[in-house]
Amino acid sequence: MLKTYAYAAYDAKSPLRSFHFERRDVGPEDVQLEILYCGVCHTDVHLVRNEWGESVYPMVPGHEIVGRVARVGRDVTKFKAGDLAAVGCLVDSCRSCPECQDGLEQYCNHPVFTYNSPDPHTGKMTYGGYSNQIVVDQRFVLRVPDRLDPAAAAPLLCAGITTYSPLRHWKVGPGQKVGIVGLGGLGHMGVKFAKAFGAQVVLFTTSPGKVEDAKRLGADEVVISKRPEEMAAHALSFDFILNTVAAPHDLDQYLALLKRDGAMCLVGVPDQPHPSPHVGNLIFKRRKLGGSLIGGLPETQEMLDFCAEHGIVSDIELIAIDRINEAYDRMVKSDVKYRFVIDMATLPDH
Ligand code: NAP
Ligand code: ZN
Ligand code: ZN
């Protein structure tokens with residue numbers, strides 16, 4: 001067993017603090033990563049604070065992991081010691097269902113998430129990336145192209161793929177008008193990808209202070225969603241809207257902006273339901289309201305390679321791990337530019 005140092009939540013209310021535990025030994029198909037950087041996702045806050053009612057403690061959050069391969073098992077062909085590699089939100093799945101066979105492991109009925117998920121290897125829960133090392137089957141480990149800055153690449157593993165996948169699925173491209181709602185970790189990646197795919201991009205924000213940043217990140221136009229006249233100016237004009245907001249809000253104000261046959265995809269997972277949208281907003285223009293969960297392994301690799309080719313990474317604030325509780329409070333106040341990433345060299349006892 002591998003003694004592992006970490007930061008953990010011990011309950012829903014206390015600050016995260018030091019923790020240690022054992023990782024499994026490296027099996028024939030396993031890759032052991034020394035973790036260099038781990039991004040901080042709003043999901044970490046939802047789960048640490050038990051906002052979805054499914055948290056098990058102690059919990060080691062973190063699913064935007066970039067590290068250096070320390071060891072590989074004897075049957076590992078994809079990686080060797082010294083390689084830069086990454087782990088996202090999934091560390092295993094059933095591998096045989098139609099979803100797994102299609103490379104859509106995130107939709108498997110038996111996925112193993114990187115943390116707060118029953119771990120078939122240990123019989124306990126999985127522990128995530130706020131730790132110095134992790135052991136993962138090679139099938140769930142991604143290659144990180146050398147051209148990507150490893151710290152700024154970490155958020156690609158969740159914020160990146162969660163926005164890339166629906167934009168690809170809904171075939172966003174040139175000639176389309178696309179809205180991104182919320183300029184946080186997911187939203188800022190959504191703006192970058194929608195722009196890179198050739199769409200006209202409009203960013204919706206509740207924070208007037210983010211307008212200039214949104215334009216720098218690639219938005220052609222920025223709308224303050226709390227100003228009804230600015231919203232009304234865009235009625236019936238969007239092909240697609242990607243909504244990343246982490247809190248319950250009025251969906252009708254966005255549905256009304258879609259053209260006939262337009263779609264809005266929700267990726268934010270608030271702790272309370274959104275008020276139900278009016279059916280009329282869907283049926284009169286045959287609009288669609290959908291959702292999307294992260295992305296499968298093949299598409300996650302495709303996204304990382306796309307980012308290397310197009311020079312796309314996340315805009316990050318690098319923090320020491322003892323600033324994590326403060327980072328959570330800032331994230332809840334929408335005060336993050338635009339993703340916190342933990343420098344794992346700052347982990348104590350390590
Ligand atoms: P984040 O960095 O905190 O960004 C969320 C943004 O939403 C905020 O920066 C803010 O942007 C906007 N916002 C927050 N509260 C709002 C409110 N009351 N009304 C309107 N807008 C509000 O969070 P994130 O890491 O991007 O995650 C966003 C959500 O996606 C979370 O619920 C997370 O759990 C979920 N998520 C889902 C998946 C998936 O696979 N579907 C994957 C990862 C995360 P402005 O300041 O611009 O308004
Ligand atoms: Zn995430
Ligand atoms: Zn499966």
Side-chain angles (χ1 to χ4, degrees), residues 38-49 51-52 61-65 88-90 92-116 128-129 154-166 180-191 203-211 213-214 217 219 222-226 242-251 253-254 265-272 274 290-297 300 314-317 327-340:
C38 186
V40 179
C41 181
H42 205 115
T43 296
D44 301 350
V45 181
H46 291 307
L47 284 170
V48 160
R49 298 184 177 177
E51 292 175 353
W52 297 337
H63 59 205
E64 294 183 336
I65 300 166
C89 303
L90 292 164
D92 215 332
S93 67
C94 88
R95 305 180 186 203
S96 58
C97 72
E99 282 68 36
C100 288
Q101 283 174 3
D102 285 347
L104 297 170
E105 296 87 351
Q106 75 275 33
Y107 299 120
C108 174
N109 286 334
H110 304 285
V112 182
F113 292 104
T114 303
Y115 70 92
N116 199 54
L156 300 176
L157 278 302
C158 177
I161 185 60
T162 301
T163 50
Y164 182 95
S165 184
I180 306 291
V181 188
L183 196 66
L186 269 54
H188 92 291
M189 292 311 307
V191 168
L203 184 272
F204 294 92
T205 181
T206 57
S207 308
K210 293 181 182 174
V211 172
D213 280 348
L217 293 165
V222 182
V223 172
I224 310 297
S225 55
K226 290 174 171 165
L242 182 64
N243 186 328
T244 75
V245 172
H249 63 282
D250 172 20
L251 301 180
Q253 62 169 339
Y254 295 106
C265 173
L266 304 178
V267 287
V269 189
D271 58 342
Q272 299 295 322
H274 297 295
S292 183
L293 178 65
I294 46 174
L297 273 296
T300 305
S314 173
D315 285 34
I316 65 164
E317 282 189 51
Y328 280 12
D329 290 340
R330 280 187 53 197
M331 190 176 241
V332 170
K333 289 189 278 184
S334 302
D335 175 24
V336 45
K337 298 202 167 146
Y338 281 90
R339 195 61 139 186
F340 292 110

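For reference, positions follow the sequence shown, starting with 1. In each ligand, atom 1 is the first atom listed, and ligand 1 is the first ligand listed.
- The name of the N, O or S atom in H63 nearest to the Zn ion (ligand 2) is NE2.
- H42 contributes no side-chain N or O that, together with a main-chain N or O of A246, makes up a donor-acceptor pair within less than 3.5 Å.
- Counting heavy atoms from C-beta on, the side chains of T205 and I224 come closer than 4.5 Å.
- Below 4.0 Å from some heavy atom of T205 lie the following atoms of ligand 1, by number and element: 45 (P), 46 (O), 47 (O), 48 (O).
- Residue contact check for ligand 1: H249 places no non-hydrogen atom closer than 4.0 Å to it.
- Not a single N or O atom of P248, backbone or side chain, sits closer than 3.5 Å to an N or O atom of ligand 1.
- The Zn ion (ligand 2) has no N, O or S atom of C89 closer than 2.8 Å.
- Remark: minimum distance from atom 37 (C) of ligand 1 to any protein heavy atom is reached at V267 O, 2.8 Å.
- Between the side chain of E64 and the backbone N or O of C41 there is no donor-acceptor pair closer than 3.5 Å.
- Evaluated by nearest non-hydrogen atom to atom 26 (O) of ligand 1, the leading choice among L186, V45, I180, D271 is L186.
- Atom 28 (C) of ligand 1 has its closest protein heavy atom at T244 O, 3.1 Å.
- Between the S292 side chain and the V267 main chain, no donor and acceptor come within less than 3.5 Å of each other.
- Within a 6.0 Å radius of NE2 in H110, other residues, nucleotides and ligands contribute 12 heavy atoms or fewer.
- Residue L183 places at least one N or O, backbone or side chain, under 3.5 Å from an N or O of ligand 1.
- Closest non-hydrogen pair, P111 versus C108, comes out as CD-O, 3.1 Å.
- The single protein non-hydrogen atom nearest to atom 23 (O) of ligand 1 is H42 CB, 3.1 Å, given as residue, atom name and distance.
- Under the side chain to side chain contact (heavy atoms under 4.5 Å, CB included) rule, Y338 has a single partner from L183, V191, L186, which is L183.
- For the pair M189/R339, no side-chain contact is recorded, criterion being any heavy-atom separation below 4.5 Å from C-beta on.
- In this structure, of I161, T43, V245, the residue bringing a heavy atom nearest to atom 21 (N) of ligand 1 is V245.
- Some N or O of H46 is nearer than 3.5 Å to an N or O of ligand 1, by distance alone.
- Summary of contacts: the protein heavy atom closest to atom 4 (O) of ligand 1 is G184 CA, 3.3 Å.
- The closest donor-acceptor contact from the side chain of Y107 to the backbone of G296 lies at 3.5 Å or more, if one exists at all.
- Side-chain contact check for I65 versus L157: every heavy-atom pair is 4.5 Å or farther apart.
- Atoms of ligand 1 found under 4.0 Å from any heavy atom of K210, numbered from 1 in the order shown, are 9 (O), 11 (O), 45 (P), 46 (O), 47 (O).
- Not a single donor-acceptor pair under 3.5 Å links the side chain of T244 to the backbone N or O of G268.
- Under a 4.0 angstrom heavy-atom cut-off, C158 registers as being in contact with ligand 1.
- Taking CG of D335 as the reference point, atom NZ of K210 lies at 8.0 Å (rounded to 0.5 Å).
- Using a 4.0 Å cut-off to heavy atoms of S292, the atoms of ligand 1 that qualify are 39 (C), 40 (O), 41 (N).
- What sits closest to atom 40 (O) of ligand 1 on the protein, heavy atoms only, is I294 N, 2.7 Å.
- When only non-hydrogen protein atoms are considered, atom 17 (C) of ligand 1 lies nearest to A247 CB, 3.8 Å.
- Considering backbone and side-chain atoms together, G187 places no N or O closer than 3.5 Å to any N or O of ligand 1.
- Residue Y328 places every heavy atom at 4.0 Å or more from ligand 1.
- Residue G268 has at least one heavy-atom neighbour below 4.0 Å for each of these atoms of ligand 1: 29 (C), 30 (O), 32 (O), 35 (C).
- In this structure, the side chains of N243 and L251 come closer than 4.5 Å at one or more pairs of heavy atoms.
- Protein heavy atom closest to atom 48 (O) of ligand 1, with residue, atom name and distance, is T206 OG1, 2.6 Å.
- Considering only heavy atoms from C-beta on, Y328 comes within 4.5 Å of V40 through its side chain.
- Counting only heavy atoms from C-beta outward, the side chains of F204 and V245 never approach each other to under 4.5 Å.
- Vertex the Zn ion (ligand 3); arms to C100 SG and C97 SG; angle rounded to 10 degrees, 110°.
- Under 2.8 Å from the Zn ion (ligand 2) lies an N/O/S atom of C41, whether from backbone or side chain.
- For ligand 1 and R339, the ligand atoms under 4.0 Å from any heavy atom of the residue are 24 (P), 25 (O).
- Between T43 and W52 there is a side-chain heavy-atom pair separated by less than 4.5 Å.
- Listed by atom number, the atoms of ligand 1 under 4.0 Å from S207 heavy atoms are 45 (P), 46 (O).
- The distance from ligand 1 to the heavy atoms of G182 drops below 4.0 Å at these ligand atoms: 11 (O), 47 (O).
- Proximity to W52 (heavy-atom distance under 4.0 Å) selects the following atoms of ligand 1: 34 (O).
- At a threshold of 4.5 Å between non-hydrogen side-chain atoms, the residues M331 and D44 do not count as touching.
- At the top of the distance list for atom 39 (C) of ligand 1, counting protein heavy atoms only, stands T162 CG2, 3.4 Å.
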